[in-house]
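Every heavy atom of this structure was used, including side-chain atoms; hydrogens, water molecules and symmetry mates were not.
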Number of protein chains: 2
Amino acid sequence: MKRKITLKQIARELDVSISTVSKALRNSNEISEDTRQKVQAFAKLYNYRPNNIALSLKNRKTKTIGIIIPEIVHHFFSKVIRGIELVANKRGYNVIVGLSNESFSKEVINMEMLANGSIDGFILSISKETLQQQDYHHFTETINQGMPIVMFDRVVNEIQCDKVIVDDLNGSKKAVFKLIEKGCKNIAIITTKDYVSVGKLRTQGYLEALEEKQIKAKGSLILKVDDALVSDDHLEVLEKDIETLFTANKNIDGVFAVNEIYAITAMKVARKLNLRVPEDVQFIGFTDGVLSKHATPTLTTVSQHAQQMGEKAADLLIDNLEIEEEEEHYQTVVIETELIERDSTK
Amino acid sequence: MKRKITLKQIARELDVSISTVSKALRNSNEISEDTRQKVQAFAKLYNYRPNNIALSLKNRKTKTIGIIIPEIVHHFFSKVIRGIELVANKRGYNVIVGLSNESFSKEVINMEMLANGSIDGFILSISKETLQQQDYHHFTETINQGMPIVMFDRVVNEIQCDKVIVDDLNGSKKAVFKLIEKGCKNIAIITTKDYVSVGKLRTQGYLEALEEKQIKAKGSLILKVDDALVSDDHLEVLEKDIETLFTANKNIDGVFAVNEIYAITAMKVARKLNLRVPEDVQFIGFTDGVLSKHATPTLTTVSQHAQQMGEKAADLLIDNLEIEEEEEHYQTVVIETELIERDSTK
DNA sequence: TGTCAACACGAAAACGTTTTCGTAACCCAT
DNA sequence: ATGGGTTACGAAAACGTTTTCGTGTTGACA
């Protein structure tokens with residue numbers, strides 16, 4: 001077992017100084033052609049690679065990006081990570097991942113662990129608990145220490161930083177317009193409680209779309225599900241809720257759901273009630289994940305371009321890290337959604 | 001913007017030496033009660049946190065685990081990551097993620113980037129390309145440099161290291177036995193080409209199960225799909241292949257698929273051919289992901305306990321890192337599978 | 001022969017820690 | 001007064017780099 005070789009060891013072997021070795025390897029012209037070749041040959045032979053930690057300490061930057069997300073077993077978030085990783089690697093950065101698990105304290109702890117030198121900046125999406133408690137001190141502190149943050153998807157106005165968000169409002173409007181265009185007269189929405197900003201916005205989009213088409217929104221057609229129900233354990237409760245929605249409103253001919261699970265589950269319930277999709281009821285879901293593509297019938301969705309979000313977030317952060325000037329000029333990038341039509345609409 | 005404070009700055013402010021500050025903060029009894037309190041108060045006030053990079057350099061360990069996986073937008077892998085992250089955090093480690101994207105060169109590059117000091121050890125699953133080329137030099141080199149590796153799921157006998165694998169063989173057997181028990185006489189398998197070790201093992205399990213039940217395997221019932229077809233773009237090709245399988249073998253009454261997508265797609269094709277599930281044909285898939293739970297009908301699957309694999313892998317690695325003794329005693333942990341019965345079987 | 005530049009290299013500082021060792025200053029006992 | 005043992009602190013090395021600066025040697029030139 002041969003440990004990694006260091007400059008010092010090379011220097012000792014070749015009977016020169018550490019400085020000389022370092023310079024030789026970096027092709028400094030302070031070093032004679034002779035020694036340079038000798039050193040480089042030796043280094044190659046022993047497969048010398050500079051120690052990243054030492055470099056980080058010296059340069060006071062780690063070339064590493066910290067990602068904090070609420071959950072990784074989630075199509076959207078893993079696609080974002082892939083996007084981040086893609087451009088990060090291309091630009092010479094590594095990616096270190098922390099999971100908040102939707103918990104405020106884990107978010108704080110994770111950020112503190114990483115903020116002490118391990119990374120150069122954060123890309124994150126805020127946990128639900130943090131959003132509820134509205135306690136954002138860990139973000140402000142991090143930013144105050146000179147460590148840039150880019151937020152994506154679940155963002156918050158109170159914090160001044162770069163942001164990448166989905167155009168939730170217009171995405172929802174597009175979806176609802178499509179349903180109307182396809183002939184739906186009574187469109188229900190299955191959404192979450194309002195404190196999740198994206199749920200709120202999507203609901204708002206639904207309402208605005210109806211209003212613009214002079215359709216009166218009815219409270220009975222709005223189902224606000226406790227979002228803990230996305231977790232697999234509570235599927236039956238969710239199904240029950242949706243069944244109630246359908247039986248109480250026999251005239252529903254279109255459903256807009258703010259996520260895939262709700263949409264798929266609603267389709268399932270509809271079929272159980274002998275409603276034909278899309279003939280009797282049409283469905284559109286937000287978030288284009290695996291489920292939509294493989295559902296029966298395949299689900300028409302509003303795609304969020306998650307990977308593109310990750311790429312953009314990474315570019316914003318790295319630009320920020322590598323720009324010299326201190327003038328803070330934060331931007332909020334809006335990623336447009338795209339309606340992907342499949343078989344759950346006519 | 002106040003940058004992070006260092007020992008040196010505290011020392012200067014309080015007019016003591018750096019050593020004193022360090023000792024005071026670590027409650028050394030070399031330091032008088034007086035100065036200790038003074039230093040600690042000051043440190044608290046300025047929210048002092050030791051710089052991780054400096055600690056890493058000093059201790060020659062980073063308390064960080066490197067994960068290399070082929071793909072992150074994948075239920076199985078993200079669940080494994082969650083498991084790793086869970087125990088890693090609990091034991092004071094961070095997790096840094098590299099994606100090989102199923103490419104040999106990206107796997108090598110990613111490992112080299114991380115191996116130069118950034119991490120203490122690897123947890124990885126080998127990329128398909130690497131498995132095809134059978135070039136494992138980067139693994140041996142890493143291990144030779146004293147950096148431990150734990151492989152999971154896609155492992156390889158040639159490399160001596162800790163491994164965590166699924167009991168693919170018995171999992172498949174269980175599934176096929178179940179189909180036989182439920183009355184299937186003509187069981188088809190939809191699998192991948194053999195170079196993916198797990199595909200190979202699962203096929204073998206299928207064959208062994210049939211043999212044990214004195215059922216003669218028929219080549220026409222074995223569909224080996226080019227595994228590039230899992231990617232969403234080639235769904236139609238996959239469907240076509242499966243359709244051919246069904247039409248050429250009208251008597252198929254059971255299907256075992258080595259992954260979720262194959263199973264779901266096969267169910268879809270079956271229904272298109274007016275076969276009832278599970279009355280006419282029963283289905284079992286390997287890998288218990290999101291799709292299975294939300295398919296119609298819900299899919300009976302062989303669950304791999306992905307998160308548990310991640311947890312085990314992390315425990316193995318950290319044990320290895322924190323144990324003093326050099327004696328290498330590698331183990332291969334087999335995670336048992338579990339058959340989850342849903343509506344695609346009678 | 002003396003001066004000066006160019007050349008080739010080494011010493012040392014710096015990044016932020018921890019830890020070993022040395023040592024003043026004090027107290028107590030002889 | 002001398003010696004020995006605490007106590008409380010500081011100096012310095014070490015981790016592995018990069019970079020600035022200093023310096024000895026050479027050769028050319030007047």
Pick base, sugar-phosphate or nothing for Ser56(A), based on heavy-atom distances below 4.0 Å to the nucleic acid.
nothing

Mind calculating the distance between CG (Asn59(B)) and P (dA13(D)) to the nearest angstrom?
20 Å

Heavy-atom pair of closest approach, residues Ile65(A) and Ile119(A)
C-CG2, 4.1 Å

Considering every strand and a 4.0 Å limit on heavy-atom distances, what is the contact class for Thr6(A): base, sugar-phosphate, or nothing?
sugar-phosphate

Using a heavy-atom cut-off of 4.0 Å across all strands, would you classify Arg49(A) as base, sugar-phosphate, or nothing?
sugar-phosphate

Shortest non-hydrogen contact from Pro148(B) toward Leu321(B)
CG-CD2, 3.5 Å

Could you check how far CG of Asp15(A) sits from P of dC9(C), rounded to whole Å?
12 Å

dA11(D) phosphate, OP1 or OP2, under 4.0 Å from Ser19(B) side-chain N/O
no

Scan Lys8(B) against the nucleic acid and name what it touches under 4.0 Å (heavy atoms): base, sugar-phosphate only, or nothing.
sugar-phosphate

Arg60(A) atom CZ is separated from dT18(D) atom C1', nearest whole Å, by 14 Å

Applying a 4.0 Å non-hydrogen cut-off, can you work out what Ser32(B) is touching in the nucleic acid: base, sugar-phosphate, or nothing?
sugar-phosphate

With a non-hydrogen cut-off below 4.0 angstrom, is Leu7(B) in contact with a base, only sugar-phosphate, or nothing?
base

What is the distance, to the nearest angstrom, from the CD1 atom on Ile18(A) to the C1' atom on dA11(C)?
10 Å

Rounded to the nearest angstrom, tell me the gap between atom CD in Glu33(A) and atom P in dC9(C).
11 Å

By nearest-nucleotide position on DNA chain D, the 5'-leaning member of Asn29(B) and Lys58(B) is Asn29(B)

Just say parallel, tilted or perpendicular for the rings of Phe104(A) and His138(A), cut-offs at 30° and 60°.
perpendicular

Mind telling me whether Phe152(B) and Phe76(B) have parallel, tilted or perpendicular rings, with 30° and 60° as the class edges?
tilted

Out of the candidates Glu71(A), Glu107(A), Glu102(A), only one should pair with Arg154(A) under the salt bridge (charged side-chain N to carboxylate O under 4.0 Å, His left out) rule; please name it.
Glu102(A)

Can you tell me how far C1' of dA14(C) sits from CG of Asn51(B), to the nearest Å?
14 Å

Please give, in whole Å, the distance from dG5(D) P to Glu30(B) CD?
19 Å

Between P of dA8(C) and CD1 of Ile31(A), the distance in whole Å
9 Å

May I ask you to evaluate whether Lys4(A) reaches the phosphate of dG16(D), defined as a side-chain N or O under 4.0 Å from OP1 or OP2?
no

Side chain of Ser22(B), heavy atoms from C-beta onward: which of dC15(C), dT18(C), dC21(D) has the nearest atom to it?
dT18(C)

Of the candidates dG16(C), dA11(C), dC21(C), the side chain of Lys23(B) sits closest to dC21(C)

